[in-house]
Amino acid sequence: MKHYDPKTLEAEAQQFWADERIFEVDEDPGRESYYCLCMFPYPSGKLHIGHVRNYTIGDVISRFKRMQGMNVLQPMGWDAFGMPAENAAIKNNVPPAAWTYQNIDYMRSQLKLLGFGYDWKRELATCKPEYYRWEQWLFTRLMKKGIAYRKTAPVNWCPVDQTVLANEQVIEGRCWRCDSEVERREIAQWFLKITDYADELLADLEQVDWPEQVKTMQRNWIGRSEGMEVEFEVPGRESLMVYTTRPDTLYGATFMAIAAEHPLALAAAAQNPQIAEFVESCRKTKTSEAALEKMEKLGMALGIDAVNPVNGESIPIWIANFVLMGYGTGAIMSVPAHDQRDWEFARKYGIDIRQVVEPLDASTVDLEQGAFVTKDGRSCNSDLLNGLEFGAAFDAIANKLEADGKGQRQVNYRLRDWGVSRQRYWGAPIPVINCDSCGMLPVPESDLPVVLPEDVEFEGIGSPIKRMDSFKKVNCPQCGGAAERETDTFDTFMESSWYQERFTCPDQGSAMLDQRADYWSPVDLYIGGIEHAILHLLYARFYHKLMRDEGLIASNEPFKRLLTQGMVLKDGSKMSKSKGNTIDPQDLIDRYGADTVRLFIMFASPPEQSLDWSDTGVEGAYRFLKRLWTAVQQHVAAGQAGSADTDGELNDAQQAMRRKLHETIRKVTDDYERRLTFNTAIAANMELLNSLVRFDDVSGSGHKIRQEVFDSMVLMLAPIIPHVCHRLWLDLGHDSLIIDHPWPQVDASALVQESIEMVIQVNGKLRGKIQVDVDADRGSCEAAALANEQAARFIGDSPIRKVIVVPGKLVNIVV
RNA sequence: GGCGGGAUGGUGGAAUUGGUAGACACGCUGGAUUCAAAAUCCAGUUCUGGCAACAGAGUGGGGGUUCAAGUCCCCCUCCCGCUACCA
């Protein structure tokens, strides 16, 4: 008997798939399409376990859908721009482009070794001009529509390296390379008006089949709120505009807080050295939300008052380090009694805390302990609002302020416009030319793409194209005079926001997309890490709508169904190069073969759950494959089933074997289709194999049943362990292709049972088991349970208070 | 700080709609096979007590609802992800 030899068998199967171009697919309007997409990788060097998990899930589903008769597209490509290439370039003295292309070549070979069924003719890399030119093209269209615009926004600035740092590059407030203290600096950047689409992004979440937790995170991130914009006059100066969701608490406003970069603060700083010093110190904070919220809240009184529009009261204006100029109006009103952050600030600086909302149940509130934040309250100390609950108070004050011209109702979003400028080299150039006389102009369509020079000296400090005249110096497309190119590049989320569409027509040279996109789109199932639940998925949804509004695509949403894979952790935290805790799957592939690696990672846990990596147990997966192989080979060696004695009734063991098989098919199909839990699908097949090994019926009927079980089992496992199943299918005597063989069907007649087991409980504790007819009624179940000896022991002479019968499950006797 | 998620034997996990907790594996223990080892096969394996039959306890901690709670509700602890320039 041949022994299980994964190396040879996997190479043969892969060769066959490649030679026959099995996974290359075309549009076929006559067939139902299924587009299965995994988040493409950043080419960081080699695959890590998280990739293997992600791409195995995608391949399993793709192969399953294909066996169900669908025209399945499963493409793969490279999210090839990004910071790690720049870091590697500095470290190894290779240009980012060369490093990236090397990594792509190696990682592609790894993906091929794992046997993933990709349509490689659609492969793309986002760092190629033929890809990013369309992103540049769309951006120029968006400039003309006013969706792309320029404004200032804060960045982390290293004063020594004279460069912008990513949040990741700021370690405890210091530059990761030179350890100098990082400052916040406002610079002009390009933005996309995602806020114009906020309502649609919110509403369309109803249309997608995504995990509820992801939809919740997106809703919270968008953060729609209904509030008011209110004007506070500042005598002798420009008034302050603030947004508040709690205009009902206006009578409790005891101070205003403004950003350090606010014009009012800057003006005061020019007069007062102490204020200037404070303003300066406010720049020593990171830009990240987490850092901003966790830092000590500091402030300084400006010595200027604003006038509360509802009661004419003068309240002090403070500069506060937690208010940022770039977000909202750069000013807020503060109500310490009813906002926890304001409360803490007021306590620290001895500012009045004035209660203007009381509990509905008329209990008292201890404002010494903290703010009373809820909207479930009634206004007090608020003049015309007194006694009103939130909704009524809101309307009353809104009407008054609108009548007085001091404010208006406004819907606001927590979501901010998408800043797409990066001051880095390894990204797609922003297609803009700045002319002193004509201003910022989009690069004309005929001049696209703006190609990023790849052959550069990369020193690390600053982007090389920022000092490269051959790149920078151009003639103005409008007046023809000397002008300069924009040297910032796009956020890499731009590339990953539309690749799913480009995969449908990657060879289209004269347009961003063509009609093929509407055949495949939207993606039927998108699979990727839960860490992308907000940013990437929100930007991709937004970008899809931009492409739709440009007439490029018909659908509203890019991803119909979403499977968020849990993270693969190592020692309890995210794997990353910087932590040096990445796991290379290559050793496992070399030692056991691709099928073992695929089987093990799918068996280890359900896809949505995070998985702390450990490779104990890989042996078990390998052992199962050997057992399966051996069992099939022994069956095949036993020869063809005799047909003479197969016509009669099946005996009990034979019926039980067939029932087990068809119960397994039913369960496994549901696991693949609805639950997406491959670990339980595998476990069910392990059980089935265990049952089959114990089924030692050597009759013709027995052999025939064994053939049926092996055929079905190999079909059910083929998506997970495709190489060995490809081979076993042939060994089982078939000359068809397993990859296109229909998925096994449940034979309902095999599931029929005459009697079932029911559990007897006494006071909810398991005390015995009985066999009853399938169609036994409640009364006979109850009678059988009460007649049971075991149960009787526990009932003793206690009176029976109640008997609960759950048909087909259990009888609970309450005494 | 905010938002989202998680915690079940020595380990990974199962229990799908409130109904038998621990399926299926890993590991471990014992046995068979072998000159020996590897591989393979068989048996056992939640904890406590007991030779056993069996009994009691048990799903991060505390409370609650229910005939019945890993599952539902309230409070708490710890861990993970995201937090707008990591991807």
Side-chain angles (χ1 to χ4, degrees), chain A residues 39 41-42 44 79 81-84 87 153 155-156 164-170 189 211-214 216-221 223 287-295 297 322 327 340-341 414-419 421-424 491-493 496 529-536 538-539 564 566-567 569 572-574 576-578 600 603-606 608-612 614 616-621 623-624 626-627 630 667 670-671 674-675 677 679-680 682-687 690 693 757-761 763-767 769 801-804 806 809-810 812-815:
Chain A
M39 291 181 186
Y42 178 80
S44 56
D79 188 14
F81 276 136
M83 279 202 320
N87 299 334
V155 292
N156 300 306
V164 174
L165 299 174
N167 285 333
E168 194 187 50
Q169 298 171 321
V170 182
Q189 311 194 59
E212 209 46 53
Q213 50 151 317
V214 175
T216 302
M217 282 192 266
Q218 293 222 343
R219 282 188 199 106
N220 291 342
W221 184 260
T287 58
S288 81
E289 185 201 347
L292 222 51
E293 291 292 331
K294 277 189 276 193
M295 74 187 174
K297 310 292 186 293
F322 56 85
Y327 312 143
Q340 191 58 26
R341 186 172 65 183
R414 203 188 79 94
L415 179 68
R416 307 194 300 254
D417 278 340
W418 177 13
S421 296
R422 296 292 180 272
Q423 299 68 42
R424 300 185 205 294
D491 176 7
T492 57
F493 277 128
S496 56
I530 183 67
E531 69 273 24
H532 296 293
I534 297 175
L535 292 182
H536 161 60
L538 191 66
Y539 290 143
T564 45
M567 311 245 337
L569 309 173
S573 66
K574 186 172 170 172
S576 70
K577 270 198 152 176
S578 50
F600 173 65
F603 186 54
S605 79
E608 307 229 52
Q609 198 162 306
S610 65
L611 171 62
D612 201 350
S614 149
T616 57
V618 181
E619 284 285 348
R623 210 173 292 160
F624 174 75
K626 282 192 290 190
R627 259 160 63 80
T630 307
K667 184 198 166 30
D670 187 45
D671 285 350
R674 179 183 62 88
R675 299 216 304 154
T677 54
N679 56 329
T680 51
I682 294 165
N685 274 290
M686 286 176 166
E687 274 188 60
N690 291 342
V693 167
E757 188 185 73
M758 280 184 81
V759 159
I760 307 173
Q761 294 180 339
N763 286 344
K765 285 192 177 175
L766 172 70
R767 296 304 182 184
K769 291 175 183 179
R801 282 181 34 214
K802 204 177 191 181
V803 178
I804 288 136
V806 183
K809 286 260 165 75
L810 56 76
N812 189 12
I813 303 163
V814 186
V815 298

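In the text below, chain A, chain B and the rest are named by the order of the sequence lines, each starting its count at 1.
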Protein-nucleotides 22-28 of chain B N/O pairs closer than 3.5 Å?
| from | atom 1 | to | atom 2 | distance (Å) |
| --- | --- | --- | --- | --- |
| B:A23 | O2' | A:Glu687 | OE2 | 3.0 |
| B:A25 | OP1 | A:Asn690 | ND2 | 2.8 |
| B:C26 | OP1 | A:Arg623 | NH1 | 2.5 |

*Would you please name every residue forming a salt bridge (Lys or Arg N to Asp or Glu O under 4.0 Å) with A:Glu619, sequence neighbours left out?*
none
*What distance, rounded to whole Å, do you find between the two C1' atoms, one in B:U29 and one in B:A53?*
23 Å
_Nearest heavy-atom neighbours spanning A:Gln169 and A:Asn87_ = NE2-OD1, 4.4 Å
*Side-chain heavy atoms of A:Asp491 within contact of A:Trp418, under 4.5 Å*: yes
_Which residues pass the salt bridge (Lys or Arg N to Asp or Glu O under 4.0 Å) test with A:Asp612, not counting sequence neighbours?_
none
*Could you pull out all residues at least two apart from A:Glu293 that satisfy side-chain contact (heavy atoms from CB on, under 4.5 Å)?*
A:Glu289, A:Arg341
Just the atom pairs and distances: protein N or O near nucleotides 54-57 of chain B's N or O, under 3.5 Å.
| from | atom 1 | to | atom 2 | distance (Å) |
| --- | --- | --- | --- | --- |
| B:G56 | OP2 | A:Arg767 | NH1 | 3.3 |
| B:A57 | OP2 | A:Lys765 | NZ | 2.8 |

_Span that lies between the C1' atom of B:G70 and that of B:G9, in whole angstrom_ = 14 Å
Protein and nucleotides 7-9 of chain B: nitrogen or oxygen contacts under 3.5 angstrom:
none

*Checking A:Asn763 side chain against A:Val815 main chain: does a donor-acceptor pair fall under 3.5 Å?*
yes
*When rounded to the nearest 0.5 angstrom, what is the spacing between OG1 in A:Thr287 and CG in A:Asn167?*
4.0 Å
*Are any non-hydrogen side-chain atoms of A:Val759 and A:Lys809 less than 4.5 angstrom apart?*
no
*With rounding to whole Å, what would you report as the distance between B:C85 and B:C79 at their C1' atoms?*
28 Å
*Return the set of residues passing side-chain contact (heavy atoms from CB on, under 4.5 Å) with A:Pro606 (not counting sequence neighbours), or none when no residue passes.*
A:Gln609, A:Thr677, A:Asn679
_Glycosidic conformation of B:G9, taking syn as within 90° of 0 and anti otherwise_ = syn
_I need the A:Leu569 CG to A:Ser610 OG distance, nearest 0.5 Å._
5.0 Å
_Heavy-atom donor-acceptor pair, A:Lys809 side-chain to B:U20 base, under 3.5 Å_ = no
_Parallel, tilted or perpendicular, judged at 30° and 60°: which one describes the rings of A:Phe493 and A:His536?_
parallel
*Of A:Pro606 and A:Arg414, the one whose closest RNA chain B nucleotide lies more 5'*: A:Pro606
_Does B:U40 have its OP1 or OP2 closer than 4.0 Å to a side-chain nitrogen or oxygen of A:Lys626?_
yes
*So, the side chain of A:Gln189 versus the backbone of A:Arg422: is there a donor-acceptor pair under 3.5 Å, distance only?*
no
_Partners passing side-chain contact (heavy atoms from CB on, under 4.5 Å) against A:Asn690 (at least two apart in sequence or in another chain)_ = A:Arg627, A:Arg694
*Where each residue is assigned the nucleotide of RNA chain B containing its nearest heavy atom, which of A:Val693 and A:Thr677 is assigned the position nearer the 5′ end?*
A:Thr677
*Hey, is the main chain of A:Ile804 close enough, under 3.5 Å, to the side chain of A:Asn812 for a donor-acceptor pair?*
no
*Going by heavy atoms in the side chains, are A:Thr680 and A:Lys667 under 4.5 Å from each other?*
yes
*asked:* Closer than 3.5 angstrom, by distance alone: can the side chain of A:Arg414 be matched with the main-chain N or O of A:Trp221 as a donor-acceptor pair?
replied: yes
Between protein and nucleic acid, restricted to nucleotides 85-87 of chain B and to nitrogen or oxygen atoms under 3.5 Å apart, what atom pairs and distances do you find?
| from | atom 1 | to | atom 2 | distance (Å) |
| --- | --- | --- | --- | --- |
| B:C85 | OP2 | A:Arg422 | NH2 | 2.5 |
| B:C85 | O4' | A:Arg422 | NE | 3.2 |
| B:C85 | O2' | A:Asn167 | N | 2.7 |
| B:C85 | O2 | A:Arg424 | NH2 | 2.0 |
| B:C85 | N3 | A:Gln423 | OE1 | 3.4 |
| B:C85 | N4 | A:Gln189 | OE1 | 3.1 |
| B:C85 | N4 | A:Gln423 | OE1 | 2.7 |
| B:C85 | N4 | A:Gln423 | NE2 | 3.4 |
| B:C86 | OP2 | A:Glu168 | N | 3.0 |
| B:C86 | O4' | A:Glu168 | OE1 | 3.1 |
| B:C86 | O4' | A:Glu168 | OE2 | 3.2 |
| B:C86 | N3 | A:Lys574 | NZ | 3.3 |
| B:A87 | OP1 | A:Met83 | N | 3.0 |
| B:A87 | O3' | A:Asp79 | OD2 | 2.8 |

_Base contacts versus sugar-phosphate-only contacts with protein, heavy atoms under 4.0 Å: please encode nucleotides 67-72 of chain B as B, S and - from 5' to 3'._
B-----
*Any chance you could encode RNA chain B as dot-bracket? Rule is Watson-Crick or G-U wobble with both distances under 3.5 Å; [ ] for pairs crossing earlier ones, | for another strand.*
(((((((..(((......[....)))((((((.......))))))((((....))))..(((((..]....))))))))))))....
*asked:* Can a donor-acceptor pair be found, under 3.5 Å and without considering hydrogens, that links the side chain of A:Lys294 to the backbone of A:Leu292?
replied: no
_Nucleotide nearest A:Leu611 (side chain, heavy atoms from C-beta), chosen from B:G12, B:U16, B:A84_ = B:G12
*Note, A:Leu538 side chain near A:Met217 side chain (heavy atom, < 4.5 Å)*: no
*When you compare B:G27 with B:G62, how far apart are their C1' atoms, in angstrom units rounded to a whole number?*
34 Å
*All salt bridge (Lys or Arg N to Asp or Glu O under 4.0 Å) counterparts of A:Arg675, not counting sequence neighbours*: A:Asp671
